[in-house]
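Here the structure is laid out as structure tokens; the discussion comes afterwards.
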Protein chains: 2
Amino acid sequence: MSTIKEVASAAGCSTATVSRALATPDKVSEATRARVARAIAEVGYTPNGAARSLRRRESRTIVALLPDISNPFFSEIINGIEDVAHQAGYRVLIGDCERDPQRAGAYFDLLPANQADGMLLLTADVPRALLDDARRRGRFPLVMACEFFDDRDLPTVTVDNYRAACQAIDYLVALGHRRIATLTGPVHNPICRERERGVSDTLTAHGLAGGAQTLAGDFGVHSGYVQGLALLTPLHSRPTAIFCHSDEMAIGVIKAARQLGLEVPRDVSIIGFDNIRLSEYCDPELTTISQPRAQIGQAAMRLLLGLIHDEPVERQQVLETRLIVRQSTGQPEPR
Amino acid sequence: MSTIKEVASAAGCSTATVSRALATPDKVSEATRARVARAIAEVGYTPNGAARSLRRRESRTIVALLPDISNPFFSEIINGIEDVAHQAGYRVLIGDCERDPQRAGAYFDLLPANQADGMLLLTADVPRALLDDARRRGRFPLVMACEFFDDRDLPTVTVDNYRAACQAIDYLVALGHRRIATLTGPVHNPICRERERGVSDTLTAHGLAGGAQTLAGDFGVHSGYVQGLALLTPLHSRPTAIFCHSDEMAIGVIKAARQLGLEVPRDVSIIGFDNIRLSEYCDPELTTISQPRAQIGQAAMRLLLGLIHDEPVERQQVLETRLIVRQSTGQPEPR
DNA sequence: CTGAAAGCGCTTACAG
DNA sequence: CTGAAAGCGCTTACAG
């Protein structure tokens with residue numbers, strides 16, 4: 001690795017001039033700029049990032065912390081984040097904390113350590129104390145996306161989970177369903193609580209509040225399968241429709257139904273959430289709720305850039321969802 | 001953010017002693033260590049990573065470069081990488097280059113910029129010139145995992161793609177299939193070429209070389225659907241089995257078959273590759289080839305650590321795959 | 001076991 | 001437009 005000194009001597013100027021040629025080219029004469037450019041190519045120079053960060057007191061790096069990188073839901077959000085970040089000259093470090101507080105802690109340290117300028121938190125499933133402690137150790141530009149903490153005191157980009165749930169239930173009721181069950185995500189997840197409020201308000205409005213079953217999974221396909229079996233037995237008292245808080249769980253429920261000899265949607269209708277890529281390719285194709293994932297990522301990153309640069313920002317942003325009707329829902333059979 | 005100076009004055013010692021208390025505690029007296037620990041907690045100190053990297057000439061960070069973060073195949077590999085990395089005190093920066101040379105370039109610069117100590121390259125789909133140029137600019141510990149470049153001159157951890165393909169074809173032939181088609185990944189991908197060699201050698205060994213159709217997709221579900229339609233029409237001359245280079249493509253092919261009124265496996269058998277989580281939950285459950293993903297990640301990271309620390313390493317590591325027979329394959333119907 | 005001091009590679013305010 | 005010099009926050013060889 002060559003240094004700025006070698007470039008300077010190859011270009012016959014000072015290190016200050018090399019630095020300026022790179023950072024503020026208009027402050028350097030045409031001729032010098034060209035000599036510097038040639039020298040850089042000649043010696044194969046890449047500025048030392050550590051030295052630069054130390055001096056500039058910024059890293060031009062942000063961390064995006066995910067609960068679980070294997071969840072396909074996040075990939076398009078990451079794309080949205082990276083689009084905006086790269087355009088603004090920022091690098092995105094993706095942290096996968098896997099519900100492991102120790103891993104999460106390592107990522108929270110990045111900001112006080114000046115290794116990152118801001119954080120995008122895509123999960124509320126981190127120890128709050130860890131977060132608060134890190135925030136106490138210094139400036140901590142932070143934006144939550146998708147999820148949020150109950151107190152909602154942090155800048156957040158979410159979808160309207162309440163309304164999305166209402167829409168799903170209204171749709172099922174309009175089809176004729178009266179026994180509608182819900183398979184939620186983790187019990188303490190605030191977005192799941194929002195959706196449940198939507199479900200229960202809507203069912204109540206339709207006079208269907210009694211006996212609506214609710215079970216909780218973890219958003220993953222396996223929990224959908226397991227809880228699907230539980231929701232659908234005994235068969236004679238099963239719901240005619242199940243609203244699932246993720247597409248993966250919906251796919252698990254469909255497998256459970258198939259295994260119990262039930263056909264979807266004839267015997268039971270299934271709605272998912274997220275509109276993951278595969279939801280269009282499973283059998284039957286999944287009716288689901290689409291979140292504007294790229295936009296969520298973009299909006300969150302823009303908000304974070306605003307925070308980093310101390311600009312005024314809109315701290316609570318809510319984006320709309322869209323119900324996508326495919327083949328996994330239909331009218332209930334008269335029984 | 002407080003600095004080491006503030007800690008030193010709070011602890012009544014020099015910055016050198018604080019530094020040693022952190023890095024080499026046994027070189028500091030018990031009592032001093034305790035005072036330093038208290039001072040650190042008091043002022044809320046996190047060492048400045050940029051200063052530390054600059055001084056130590058290492059970042060304890062490695063980059064893992066992926067072709068596409070939305071491919072669920074990679075998540076367990078990343079887990080394997082992170083397990084080993086974190087245990088060794090390294091941080092993992094996940095780079096998603098999306099087949100975009102510019103993005104890839106930004107990640108390659110990380111090593112010459114001293115922002116990363118090594119790179120794990122999980123794709124060969126990057127401009128070779130970009131890589132070679134970055135490697136010329138300084139020390140560049142690099143290991144490839146899963147994929148590789150044709151010349152195989154880089155340290156690599158892969159599975160035995162040739163043998164896996166042979167196994168898949170042997171299995172289909174044993175079931176009675178004679179017209180076996182292949183849906184490969186991208187045309188210039190060396191692992192796909194290896195698999196094709198396995199297919200063609202095995203078919204030849206069974207006297208079935210003639211007329212075996214091969215089409216290429218991009219590993220994604222949509223390309224599986226599109227190419228599945230192409231492989232399966234006209235119906236009368238369709239293959240009785242299709243070997244797909246990814247589970248996602250296999251799922252796409254199954255949808256194509258369904259749409260053409262074909263039942264899997266009765267009318268056509270499908271084998272996937274990768275054993276992604278959802279392969280067990282689609283209908284029918286997918287027969288597939290499982291790669292030891294966590295082990296690939298772990299082995300690659302261990303190899304990289306060896307390279308970083310200039311230890312002797314085994315530069316070419318090949319792990320075994322396993323054929324997992326589920327429901328998407330069966331005997332062909334006599335026609 | 002501890003401290004003073006040099007130095008890692010940059011950037012930038014200052015002077016010219 | 002350019003250069004000399006200070007300093008970002010650490011770590012470590014050296015001396016004691």
Side-chain angles (χ1 to χ4, degrees), chain A residues 1-37 39-40 43-61 89 109-115 117 137-139, chain B residues 1-37 39-40 43-61 89 109-115 117 137-139:
Chain A
M1 339 259 180
S2 44
T3 70
I4 199 171
K5 266 192 186 168
E6 302 171 44
V7 176
S9 75
C13 65
S14 71
T15 61
T17 297
V18 175
S19 180
R20 278 189 292 253
L22 253 23
T24 49
D26 42 301
K27 289 189 183 171
V28 174
S29 77
E30 174 87 47
T32 309
R33 230 184 302 153
R35 265 174 23 243
V36 169
I40 287 175
V43 307
Y45 170 66
T46 310
N48 182 309
R52 186 175 260 186
S53 293
L54 175 60
R55 190 49 233 245
R56 289 185 175 165
R57 321 187 73 51
E58 65 167 13
S59 59
R60 303 256 171 104
T61 299
D109 278 348
L110 251 22
L111 269 78
N114 256 295
Q115 313 250 80
D117 301 340
R137 297 212 296 281
R139 198 174 124 77
Chain B
M1 338 260 179
S2 44
T3 69
I4 199 171
K5 267 193 184 166
E6 302 169 45
V7 176
S9 76
C13 65
S14 72
T15 61
T17 297
V18 174
S19 180
R20 277 188 292 254
L22 252 24
T24 49
D26 43 301
K27 289 189 182 169
V28 174
S29 78
E30 174 88 48
T32 310
R33 231 183 302 153
R35 270 179 12 248
V36 169
I40 286 174
V43 306
Y45 171 67
T46 311
N48 182 307
R52 187 174 260 188
S53 293
L54 176 58
R55 190 48 233 240
R56 289 185 175 164
R57 322 188 71 50
E58 65 168 10
S59 58
R60 302 254 169 106
T61 300
D109 277 347
L110 250 23
L111 269 78
N114 257 293
Q115 314 250 79
D117 301 341
R137 297 212 297 282
R139 199 175 122 78

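For the pair A:Arg56 CZ and D:dC8 C1', the interatomic distance rounds to 13 Å; values are reported in whole Å. For the pair A:Glu6 CD and C:dC10 C1', the interatomic distance rounds to 14 Å; values are reported in whole Å. Look at CZ on A:Arg55: it is 8 Å from C1' on D:dA6, rounded to the nearest Å. Computed from coordinates, the B:Leu22 CG to D:dT12 P distance equals 12 Å when rounded to whole Å. Remark: P of C:dA6 and CG of B:Leu54 are 17 Å apart, rounded to the nearest angstrom. Protein atom OH of B:Tyr45 is 7 Å distant from nucleotide atom C1' of D:dC10, rounded to whole Å. Straight-line distance from the NZ atom of A:Lys27 to the P atom of D:dG3: 15 Å, rounded to whole Å.
The two residues A:Lys5 and A:Thr15 have their closest heavy-atom pair at CA-CG2, 3.9 Å. Residues B:Leu54 and A:Ala50 come closest through the heavy atom pair N-CB, 3.7 Å. Looking at every heavy atom in both residues, A:Thr46 comes nearest to B:Pro112 through OG1-CB, 3.4 Å.
When both pairing distances are held under 3.5 Å, C:dA13 makes no Watson-Crick or G-U pair with any nucleotide shown. Of the nucleotides present, none pairs with C:dA4 by Watson-Crick or G-U wobble criteria with both distances under 3.5 Å.
Residue B:Thr15 places none of its side-chain N or O atoms closer than 4.0 Å to OP1 or OP2 of C:dG3. Note on A:Thr17: a side-chain N or O is less than 4.0 Å away from OP1 or OP2 of D:dG3. Side-chain N/O atoms of B:Arg57 include none lying less than 4.0 angstrom from OP1 or OP2 on C:dG7. OP1 or OP2 of D:dC1 has not a single side-chain nitrogen or oxygen of A:Arg20 nearer than 4.0 Å. Note on A:Ser53: every side-chain N or O is 4.0 Å or more away from OP1 and OP2 of D:dC8. Remark: A:Ser19 is not in phosphate contact with C:dC10, judged by side-chain N or O atoms under 4.0 Å from OP1 or OP2.
For B:Ile4, counting side-chain heavy atoms from C-beta on, the closest listed nucleotide (D:dC8, D:dG3, D:dC10) is D:dC10. Among the nucleotides C:dG3, C:dT2, D:dC10, the one closest to any side-chain atom of B:Cys13 is C:dG3. With C:dA6, C:dC10, C:dT2 as the choices, the nucleotide that has an atom nearest any side-chain atom of A:Arg52 turns out to be C:dC10. Nearest nucleotide to the side chain of B:Ala51, out of D:dG9, D:dG3, C:dG9: D:dG9.
In this structure, A:Lys5 reaches neither bases nor backbone, as no heavy-atom distance under 4.0 Å exists between it and the strands shown.
Ranked by how close their nearest DNA chain D nucleotide is to the 5' end, B:Ala50 and A:Thr32 are led by A:Thr32. Nearest-nucleotide positions on DNA chain D place B:Asn48 closer to the 5' end than the other of B:Ala16 and B:Asn48.
Side chain of B:Arg33 to backbone of B:Pro25: a donor-acceptor contact under 3.5 angstrom is found. Under the 3.5 Å distance criterion, the side-chain polar atoms of B:Ser2 are matched with a main-chain donor or acceptor of B:Gly44.
Between the P atoms of C:dA13 and C:dG9, the separation comes to 23 Å (whole Å). For D:dA5 and D:dC1, the P atoms lie 23 Å apart once the distance is rounded to whole Å.
Salt bridge A:Asp109/A:Arg137: present, at least one basic N to carboxylate O contact under 4.0 Å.
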